[in-house]
Amino acid sequence: MLTTTLGYPCIGQKRELKKSLESFWKGNISEAELLATFETLQVRDWKTQLEADIEGIGVGDATLYDRVLDWVIRFGLVPQRFRSLEGRDRYFAMARGKGKIAALEMTKWFDTNYHYLVPEITPDLTPTANFDDFLDTVRRAKSILGERTVPIVLGPVTLLRLSRLDGVEFDSILSQLLPLYQQLLTQLNELEIAEVQLHEPALVFSDAPELQTAFETAYGELSQVGIPLHLVTYFDDLGETYPWVVQLPVSAIALDFTRGRTLELVKTHGFPSDKRLGVGLVDARNVWRIRPEAATTLLRQLQTVTRNLCVQPSASLQFVPYDASHETQLPDPLRNVLSFAEQKLEEVAVLGQTLENRSLNSRLDRIEKDWVAFRLFDPAKPEVRQRIESLKVSDFERSQPYSDRVSQQVKLPAFPTTTIGSYPQTQAVRKLRARYKRGELTPSEYQQQIDLHIAYCIGVQDGMGMDVLVHGEFERSDMVEYFGQQLDGYAFTRHGWVQSYGSRYVRPPIIYSDILRPQAMTVREFQVAQSLTDKPVKGMLTGPVTMLNWSYPRTDISRKEQAFQLALAIREEVADLEAAGAKFVQVDEPALREGLPLKQERWNDYLSWAVDAFRLSVGVAKPETQVHTHMCYSEFGDIMEAIDRLDADVISIEDSRSNNETLMQLTDAGYPRQVGPGVYDVHAPAVPSEDTFKESIRKCSQHLPSDRIWVNPDCGLKTRGWPETVAATRNMVSAALELRRDIETASNGKSR
Ligand code: GLN
Ligand code: ZN
């Protein structure tokens with residue numbers, strides 16, 4: 001086998017699966033119709049891989065909602081609260097909740113933007129096996145792909161490593177699962193399958209060395225079935241586990257050559273001659289064409305270690321869209337160097353051929369020429385490079401320390417109130433943007449309409465006595481896209497959807513060139529809002545690290561350099577907002593933490609430039625400008641130093657669900673600045689009462705003095721409706737006002 005795939009997108013080129021799922025949930029189509037669409041899409045995706053001449057085609061990874069959930073169901077790992085439900089009803093209840101039954105928790109799949117459902121394993125659970133749907137899929141695949149069919153199975157150790165084990169020992173549940181995995185492998189063997197992929201990305205986690213015994217036990221047992229096993233790893237190198245992983249009793253091992261120091265490990269430790277080495281060198285996590293020269297050099301180097309090589313994508317291709325050739329709106333030189341799933345299949349196939357005849361294939365020459373053409377089309381922008389090179393330490397610093405600048409900032413009463421930026425993105429707002437995009441409105445007609453929404457939003461906030469107002473972000477469909485579209489160096493696709501979770505797909509923008517900001521991006525809306533109120537309006541920007549982490553980056557310069565380029569653009573915007581009169585500027589970094597590398601040893605490097613990028617973007621702010629930042633997560637424990645080093649005057653965090661844990665983490669660490677702990681959970685439809693708000697504000701003030709506590713929701717309000725937003729924020733503001741009065745009365749009493 002010279003070429004294989006490790007998984008493929010399953011959402012449909014035209015997002016057919018989303019449409020089907022949503023109709024099914026609404027009751028408009030039957031389960032049979034949903035499954036028919038699902039199967040048609042799978043068949044199409046198999047045929048695409050067959051036509052690309054891939055020799056080992058991964059099958060069975062397509063999912064109606066989530067791949068981990070599929071295995072949870074097959075192994076009967078169904079928590080008590082779902083057991084009264086059956087079949088599809090149970091499946092979607094586990095995915096999305098049903099009435100009072102809460103869904104499984106959802107979290108990010110390694111360092112990707114795909115979210116999986118976290119299995120919950122409790123002592124009352126006994127794993128059982130039902131692989132019918134999977135075996136049916138494999139049979140169907142086999143009727144089309146024949147001996148090229150390679151079933152994809154989530155490996156037992158990774159499944160458990162990603163599970164929440166509650167009162168259950170890892171080893172004991174593993175020993176219960178292994179016979180079931182053996183049963184599965186036996187059944188696959190009976191289908192005369194040539195090889196099975198077992199995906200074990202948990203091997204790249206920092207704590208993988210602790211799993212050595214688990215892996216050795218598991219694979220010792222699984223190998224007894226006698227079907228060839230392909231152990232698949234990705235997203236990073238194997239680090240110190242490499243020497244024992246390559247000795248596991250499997251017939252092939254896939255390694256990710258696009259990340260970490262995999263090549264170095266292979267060269268240092270060699271590779272066993274009885275195994276095939278799966279060379280994951282076509283980057284499944286990015287959208288660029290291979291560099292033929294680098295790819296063939298890598299293969300030649302590996303050939304000196306072993307002749308038993310197989311070319312493959314670095315991971316499942318689910319992380320890239322289907323087909324770059326549909327993006328006809330992009331200039332040819334750019335489109336020609338983009339590589340989505342279909343282009344990557346071709347790259348795998350072509351590189352596979354070079355393993356046989358070694359001569360440089362003409363297709364590779366073509367790709368090389370496309371890169372040359374792209375460089376001519378898009379030369380580096382010397383002025384941007386120049387600015388990065390001449391950055392000084394002082395560019396990364398506010399001109400005064402917090403203790404000096406805070407007294408110069410707008411003086412607000414105790415428990416100041418604000419929101420995180422966005423207000424409800426109603427049907428009307430979305431329709432307005434869509435009409436503008438279709439060219440049905442002139443820019444000035446569009447702006448007039450946007451301004452009406454801003455006026456309404458300001459009126460609502462002013463009316464309830466909010467202290468620091470926002471314009472509402474009605475002109476933004478997405479906090480990265482909005483800025484990307486106004487920056488030079490960003491490209492946007494029309495059909496480039498990838499699954500984020502369930503039926504939610506995203507279309508990440510592509511950074512393809514040096515970043516320049518031709519003109520102000522947010523100043524007009526800020527001015528409109530500020531002209532309507534005497535209260536201060538906060539300028540709202542997306543931070544450089546979030547811009548980078550939610551885009552496909554370029555690969556010819558470092559992520560650090562791209563973050564700095566983005567930071568310079570945002571820095572100019574901060575300065576423009578100040579010049580337009582803003583006394584408050586918020587730079588959101590909700591994606592800063594999720595960018596942490598999988599291996600802890602690389603955290604410091606990442607955090608160091610990520611925090612620098614943020615500091616560069618706000619370092620220009622005058623002492624009297626109050627810089628806010630927002631992060632929608634609450635696990636600060638291990639990155640507290642980085643949070644502190646951001647040096648934001650105010651940080652708002654998601655703390656409404658964590659019972660003030662985060663706030664405590666911050667205060668315990670001696671966090672010296674102001675915090676908005678997020679007293680309103682915007683992800684729940686409930687409207688908390690004034691008393692509930694008072695209670696949580698009081699709790700916060702046990703940890704922090706009242707002049708350092710901001711009162712705000714825990715994230716933007718764009719997904720909420722107006723009535724609940726008004727009701728909830730009104731209760732929030734009145735709670736803060738009342739507690740403020742208490743404080744004022746108390747201190748007046750004292751002074752008298
Ligand atoms: N300012 C953004 C908003 O309110 C922040 C969104 C986010 O944190 N993801 O929508
Ligand atoms: Zn948020």
Side-chain angles (χ1 to χ4, degrees), residues 106 108 113 115 417-426 429-430 433 450 453-454 457-458 460-461 466 468-484 500-501 504 506 508-509 521-522 525-526 529 537-551 570 573-574 577 582 584-595 614 617-618 626-636 643 646 648 650-658 662 675-684 710-722 724-725 728-729 732:
M106 193 165 66
K108 283 191 178 251
N113 197 26
H115 301 68
T417 50
T418 191
T419 53
I420 303 303
S422 58
Y423 267 83
Q425 296 253 332
T426 55
V429 172
R430 275 176 289 159
R433 277 200 313 262
I450 288 287
H453 290 283
I454 295 179
C457 187
I458 290 290
V460 165
Q461 297 170 79
M466 194 86 75
V468 176
L469 278 43
V470 297
H471 76 280
E473 302 183 16
F474 304 105
E475 73 289 4
R476 310 180 188 177
S477 64
D478 176 277
M479 63 188 292
V480 171
E481 186 181 62
Y482 180 73
F483 290 94
S500 172
Y501 64 89
R504 284 287 285 270
V506 292
M521 306 181 280
T522 62
E525 287 76 14
F526 164 78
V537 173
K538 187 162 62 165
M540 300 298 310
L541 305 173
T542 301
V545 186
T546 297
M547 292 289 294
L548 178 71
N549 284 348
W550 287 350
S551 306
I570 293 157
E573 191 71 16
V574 169
L577 280 168
F584 296 79
V585 176
Q586 178 169 315
V587 177
D588 293 326
E589 284 292 18
L592 188 134
R593 191 184 193 287
E594 73 181 43
F614 178 87
S617 63
V618 300
Q626 189 169 71
V627 172
H628 289 223
T629 188
H630 165 71
M631 303 189 168
C632 358
Y633 47 77
S634 37
E635 292 138 27
F636 283 138
I643 300 295
L646 293 173
V650 182
I651 181 170
S652 62
I653 54 177
E654 179 191 311
D655 203 32
S656 59
R657 286 199 242 191
S658 71
T662 315
V675 185
V679 289
Y680 165 35
D681 176 3
V682 305
H683 302 289
W710 282 73
V711 173
N712 50 256
D714 66 355
C715 198
L717 296 159
K718 65 194 272 185
T719 57
R720 298 263 67 99
W722 270 112
E724 46 183 329
T725 293
T729 51
M732 181 187 88

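Read the numbers this way: they start at 1 and go in the same order the structure lists the ligands and their atoms.
For ligand 1, the atoms lying closer than 4.0 Å to a non-hydrogen atom of Met540 are 1 (N). Taking every non-hydrogen atom of Cys715 and a distance limit under 4.0 Å, the qualifying atoms of ligand 1 come out as 7 (C), 8 (O). Set against the non-hydrogen atoms of Gly716, the atoms of ligand 1 under 4.0 Å away are 3 (C), 4 (O), 10 (O). Residue contact check: Cys632 has heavy atoms under 4.0 Å from atoms 7 (C), 8 (O), 9 (N) of ligand 1. Those atoms of ligand 1 that come under 4.0 Å of a heavy atom in Asp588, given as number and element, are 1 (N), 2 (C), 5 (C).
Every residue was checked against the salt bridge (Lys or Arg N to Asp or Glu O under 4.0 Å) condition with Glu589, not counting sequence neighbours, and none meets it.
Proximity of Ser422 to ligand 1, defined as any heavy-atom pair under 4.0 Å, is shared by backbone and side chain alike. At a heavy-atom cutoff of 4.0 Å, ligand 1 is contacted by no atom of Met631, backbone or side chain.
Take a cut-off of 2.8 Å around the Zn ion (ligand 2): the protein N, O or S atoms inside it are His630 NE2, Cys632 SG, Cys715 SG.
Using modelled atom types, one side-chain atom of Ser422 and one backbone atom of Leu717 make a donor-acceptor pair closer than 3.5 Å. Not one N or O on the side chain of Lys538 forms a donor-acceptor pair closer than 3.5 Å with the backbone of Gln626. For Glu475 (side chain) and Thr522 (main-chain N/O), no donor-acceptor pair under 3.5 Å exists by modelled atom type. Although no hydrogens or angles enter the test, the distance criterion places a donor-acceptor pair under 3.5 Å between the side chain of Tyr482 and the main chain of Met521. When atom types are taken as modelled, the side chain of Glu654 and the backbone of Cys715 share no donor-acceptor pair closer than 3.5 angstrom.
None of Thr419, Thr417, Thr729 except one satisfies the side-chain contact (heavy atoms from CB on, under 4.5 Å) rule with Gln461; the exception is Thr419.
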* Run the side chain to side chain contact (heavy atoms under 4.5 Å, CB included) check on Met466 and Met732 step by step: do they pass? -> CA-CA 9 Å; Met466 194 86 75; Met732 181 187 88; 4.3 Å; yes
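Contact of the Pro713 side chain with the Arg720 side chain is not registered, since no non-hydrogen atoms from C-beta on lie closer than 4.5 Å.
What sits closest to atom 6 (C) of ligand 1 on the protein, heavy atoms only, is Met479 SD, 3.5 Å.
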